[in-house]
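Only a predicted model underlies this, so the values are computations on that prediction, with no experimental measurement involved.
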Amino acid sequence: MNDSTSSESRDFVRQIIDEDLRSGRCDGRIRTRFPPEPNGYLHIGHAKSICLNFGIAEEYGGLTNLRFDDTNPETESSEYVESIKEDIRWLGFDWGDRLYFASDYFDQLYEWAEQLIRDGRAYVCSLSLEEIRAGRGTPSEPGTDSPYRSRSVEENLDLFRRMKAGEFPEGAHVLRAKIDMAHPHMLMRDPIMYRIRHVEHHRTGRKWCIYPTYDYTHGQSDSLEKITHSICTLEFENHRPLYDWFCEALGIHHPRQIEFNRLNLTWTVMSKRRLLELVEGGHVNGWDDPRLPTLRGLRRRGCTPAAIRSLCARVGVTKHNAVTDMVVLENCIREDLNKTAERRMAVLDPIRVVLTNYPEDQEELLEAVNNPEDESAGTRMVPFSRELWLERDDFMEDPPKKFFRLAPGREVRLRYAYFIRCENVVHDSDGRVIELHCTVDPDTRGGTAPDGRRVKATLHWVSARHAVSAEVRLYDHLFSVEHPDEVADESQDWKSNLNPDSLRVVPEAWLEPSLADAMPGDRFQFERLGYFCVDPDSSDEKKVFNRTVTLRDAWARARKK
RNA sequence: AACCCGGUGGUGUAAUUGGUAGCACAACAGAUUUUGGUUCUGUUAGUUCAGGUUCGAGUCCUGGCCGGGUUACCA
């Protein structure tokens with residue numbers, strides 16, 4: 001009911017914003033930003049941040065900037081910039097003309113750095129990486145001052161300018177903020193502001209060989225864009241004192257940083273590092289593998305933007321680490337697709353059925369509803385004939401009590417068609433059932449019996465003569481345990497929990513003929529099976545379908561017990 | 001024994017800021033159903049612990065316990 005951003009209860013972020021609006025702290029204006037680093041593809045965790053930032057701006061009549069945090073040229077590229085823009089648009093958000101890059105601010109950042117040097121708040125440190133690390137101390141012991149900490153302003157300025165001019169090799173010097181080497185926060189122990197990197201940047205090319213760090217860039221970028229609320233994830237909580245320190249030291253507009261909990265899902269991993277490892281290690285087939293929680297993977301899988309937005313609205317925003325059950329996402333997908341996806345019939349694991357009293361040369365077209373949840377979707381005609389494909393699971397030779405489907409001597413309904421009765425079971429030499437002989441009751445055309453008799457099951461089917469074949473990819477959880485982090489013993493890592501059966505390919509499934517002209521990206525419900533999406537691997541000769549998610553299946557659940 | 005943050009049913013969250021612990025998902029039971037789908041109804045189940053303040057504490061205070069983060073020239 002109120003899962004779509006309830007106006008009733010406010011999460012803590014919105015409460016803070018309400019207070020800031022009341023106290024006049026942000027002069028009645030709301031401006032947020034989504035600041036991805038262009039070094040990877042977006043995943044559903046980013047979607048939560050996107051929904052939060054764009055959602056809040058929209059609710060408060062403000063705007064959201066898209067800003068690429070591109071301060072580390074070694075790992076970033078414009079290929080990622082484009083994919084990220086595409087994914088945000090797909091999710092349903094629009095940054096208008098407010099596309100920015102931290103690299104747009106390199107000149108300003110450099111000037112501010114000189115200002116901090118002149119103010120005695122920054123210095124060039126010529127210690128090696130190892131020496132800096134050692135000098136930082138540990139969380140429980142203070143660090144020691146760098147011997148270069150007391151360089152004169154003139155010397156600092158000179159060295160910094162020569163760093164910029166490219167006179168030094170990488171690692172020779174860094175620029176550090178002069179804060180407090182004994183500070184209880186490790187991050188405040190003279191953090192690094194600039195490092196030398198003789199590499200090309202995807203936007204500024206060779207203009208720079210010194211690059212600012214995240215801490216020296218983010219708050220100032222927010223400030224320059226007049227951001228009011230800089231909303232980020234929990235791991236930046238420790239950085240807030242530094243964020244504040246730079247804004248204050250520089251005397252510039254000071255946005256409020258607010259940290260929220262990131263989205264975690266069961267049965268998968270979410271960190272960029274791990275996703276990269278899965279892709280590069282060949283454990284999945286690229287960034288858009290339908291098993292991945294990347295936005296591209298989810299899209300290819302058949303997940304809708306509306307489902308992702310719905311998930312983000314219902315997981316909420318707090319300050320404690322949470323793991324959301326994957327079934328919540330699955331239900332969001334089902335909820336959306338139930339209303340929008342047209343129904344079709346498809347048989348994945350076929351068993352041949354011969355209707356012995358149906359004439360060989362006869363065929364007819366039967367009317368089927370496209371979407372019972374949406375009358376405007378209309379109907380279609382489905383061909384019927386003497387030989388059909390039925391789902392193997394829908395027949396049992398020796399059924400248990402609660403099995404309602406087809407069995408010897410039992411009558412069931414074929415959806416939109418007829419009642420049929422199983423008269424005979426044909427086995428091969430190994431005793432495996434290969435064919436069923438049934439009789440059809442011609443008076444039940446359309447699926448109702450004039451005498452009012454009822455059947456307990458309605459089965460989907462495909463006319464063998466008319467069926468088109470397709471490859472169907474059945475996906476399961478990427479990992480075989482809910483929490484991939486939890487490993488059996490120390491010698492194992494999270495990858496040992498990879499599910500070997502996360503992809504099962506059905507090379508030849510049978511589909512009703514109307515599916516022959518489905519296009520990549522089209523989504524359908526295969527009745528009684530689940531939601532499926534046409535994969536871009538499809539060709540004119542052979543369609544490929546991805547199973548997005550199964551239908552809820554009370555029988556499967558009952559059987560498991 | 002450093003610093004920061006956090007702990008509400010199985011899971012994710014809410015509680016008008018001190019006044020009846022509510023919602024969603026899951027689980028279970030039932031109704032409806034030409035999808036064992038959808039829809040509808042009902043049931044089970046919770047404030048980390050110990051003190052304190054108060055007429056009254058999930059909320060405020062003190063202490064304990066548990067969990068996460070922090071020792072990158074990544075973001």
Handout entry: Residues A/E512, A/R380: salt bridge by 4.0 Å N-O rule
Key =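 The answer is yes: the pair qualifies as a salt bridge.
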Base [N] to side chain [X], donor-acceptor N/O within 3.5 Å cut-off:
X: A/Q525; N: B/U35; answer: yes
X: A/R343; N: B/U35; answer: yes
X: A/N238; N: B/G69; answer: yes
X: A/H239; N: B/A75; answer: yes
X: A/E482; N: B/G10; answer: no
X: A/R528; N: B/G36; answer: no

Sugar-phosphate, base or nothing in reach of [X], heavy atoms under 4.0 Å:
X: A/P372; result: base
X: A/Y211; result: nothing
X: A/E373; result: base
X: A/P184; result: sugar-phosphate
X: A/T75; result: nothing
X: A/R136; result: sugar-phosphate
X: A/V327; result: sugar-phosphate

Problem - Residue closer to the 5' end of RNA chain B, A/S140 versus A/N331 (nearest nucleotide) - result: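 The residue whose closest nucleotide sits nearer the 5' end is A/S140.
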Handout entry: Distance-only side-chain donor-acceptor flag, A/R33 / A/H218, under 3.5 Å
Key =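 A/R33 vs A/H218: donor-acceptor pair found between side chains.
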Exercise for the section: Taking atom types as modelled, find out whether A/T304 and A/R523 have a side-chain donor-acceptor pair closer than 3.5 angstrom. Expected result: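 No, because no side-chain N or O of A/T304 sits under 3.5 Å from a partner of the opposite role on A/R523.
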Handout entry: Separation of atom CZ in A/F12 from atom P in B/G6, rounded to whole Å
Key =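 So the two atoms are 9 Å apart, to the nearest Å.
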Would you please confirm or rule out a distance under 4.0 Å between OP1 or OP2 of [N] and any side-chain N or O of [X]?
X: A/R557; N: B/A27; result: yes
X: A/H185; N: B/C3; result: no
X: A/H183; N: B/A2; result: no
X: A/R195; N: B/C74; result: yes
X: A/R133; N: B/A72; result: yes
X: A/T324; N: B/U11; result: no

Problem - From A/I17 atom CD1 to A/I258 atom CD1, the distance as rounded to the nearest 0.5 Å - result: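 These two atoms lie 5.0 Å from each other.
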Problem - A/Y214 aromatic ring stacked with six-membered ring of B/A75, 5.5 Å and 30° - result: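 No, A/Y214 does not stack on the base of B/A75.
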Exercise for the section: Go through the steps for A/H239 and A/Y243 under the test ring pair (Phe, Tyr, Trp, His ring centres under 6.0 Å), then give the verdict. Expected result: CA-CA 6 Å; A/H239 295 247; A/Y243 182 107; over 10 Å; no
Exercise for the section: Report the relative orientation of the aromatic rings in A/H46 and A/H43; use parallel for angles under 30°, tilted for 30 to 60°, perpendicular for over 60°. Expected result: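 If you compare the ring of A/H46 with that of A/H43, the planes turn out tilted.
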